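Note that ligands are numbered from 1 as they come in the structure, with each ligand's atoms numbered from 1 the same way. This structure is a prediction, so every number in the text was calculated from the model and none was measured.
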Amino acid sequence: DGSILAKDINGNLIPASQILAEPPGTRALVAGLAGEPTYLTVREDGTLHPWGIVDNCTHLGCTFPWNPNENQFQCPCHGSRYDPEGRVVRGPAPLPLKLVRVAVETDFIRISPWTEIDPRTGQKPWWV
Ligand code: FES
């Protein structure tokens, strides 16, 4: 089904408990589908958000940090900004950030392609 287990930068599987030990609001960067850096979100209730956000700006593909003070993803290349769920707040990025599906499986994190309706737009995802 094209899914993988989340790994760290060294290619080691990441225990879900390691990420869930972080405070609510944490955006943890992991290696996701095709090795794409992907942000996982620890929710207020201490569970993982079922959407992962791919760290690949829809403008020209830069990677970007999470800015916890402004509650945005902010691309350093040309200044695009995205809200916590990856919707564009400021261009030049033309499209919301790509989503992947995230599920905890025993103590690992399974990441799979997001092919259903984009819950942010109510439309078919642009990446499918
Ligand atoms: S690549 Fe992110 S704003 Fe241009």
Side-chain angles (χ1 to χ4, degrees):
D1 63 354
S3 74
I4 55 114
L5 295 178
K7 296 187 173 136
D8 67 19
I9 197 165
N10 297 316
N12 299 313
L13 290 173
I14 299 179
S17 52
Q18 179 181 317
I19 291 184
L20 294 172
E22 300 291 328
T26 294
R27 266 67 178 180
L29 203 50
V30 303
L33 296 177
E36 283 189 307
T38 301
Y39 282 105
L40 307 183
T41 303
V42 180
R43 296 192 288 193
E44 290 303 316
D45 65 359
T47 61
L48 266 190
H49 199 293
W51 318 340
I53 293 187
V54 177
D55 183 6
N56 186 341
C57 185
T58 60
H59 180 222
L60 293 175
C62 286
T63 56
F64 46 80
W66 167 247
N67 181 334
N69 299 318
E70 299 195 54
N71 219 30
Q72 289 180 339
F73 296 103
Q74 298 181 339
C75 184
C77 292
H78 313 94
S80 291
R81 296 180 173 210
Y82 303 88
D83 78 4
E85 296 183 324
R87 299 177 186 88
V88 177
V89 174
R90 191 171 92 188
L95 294 164
L97 294 169
K98 181 176 163 182
L99 300 181
V100 292
R101 184 169 293 285
V102 175
V104 174
E105 195 175 282
T106 61
D107 196 29
F108 295 103
I109 301 163
R110 184 165 293 280
I111 297 183
S112 43
W114 188 289
T115 54
E116 299 82 35
I117 293 295
D118 183 334
R120 301 165 301 184
T121 62
Q123 315 222 320
K124 187 173 145 71
W126 61 260
W127 58 87
V128 171

Can a donor-acceptor pair be found between the side chains of Gln123 and Asp118 at a distance below 3.5 Å? no
Minimum-distance protein heavy atom relative to atom 1 (S) of ligand 1: Leu60 N, 3.3 Å
Decide yes or no on side chain to side chain donor-acceptor pair (under 3.5 Å) for Arg101 and Ser112, but give the supporting numbers first. CA-CA 5 Å; Arg101 184 169 293 285; Ser112 43; 5.0 Å; no
Which of the atoms of ligand 1 are close to Cys62, meaning less than 4.0 Å from one of its heavy atoms? 1 (S)
Of all N, O or S atoms in His78, the one closest to atom 4 (Fe) of ligand 1 is ND1
May I ask you to identify, for Cys75, whether its side chain, its backbone, both or neither come under 4.0 Å of ligand 1 on a heavy-atom basis? side chain
When you check the side-chain N and O atoms of Ser17 and Asp107, is any donor under 3.5 Å from an acceptor? yes
Do the side chain of Trp127 and the main chain of Pro113 share a donor and acceptor less than 3.5 angstrom apart? no
His59, N/O/S atom nearest atom 4 (Fe) of ligand 1: ND1
Per-atom contacts, ligand 1 versus Cys57 - under 4.0 Å to a heavy atom: 1 (S), 2 (Fe), 3 (S)
Numbered atoms of ligand 1 (with element) below 4.0 Å of Ser80, judged on heavy atoms: 3 (S)
Using a strict SG to SG cutoff of under 2.5 Å, would you count Cys62 and Cys77 as disulfide-linked? yes
What do the steps show when you test Ile109 against Val30 for side chain to side chain contact (heavy atoms under 4.5 Å, CB included), and what is the final call? CA-CA 10 Å; Ile109 301 163; Val30 303; 5.7 Å; no
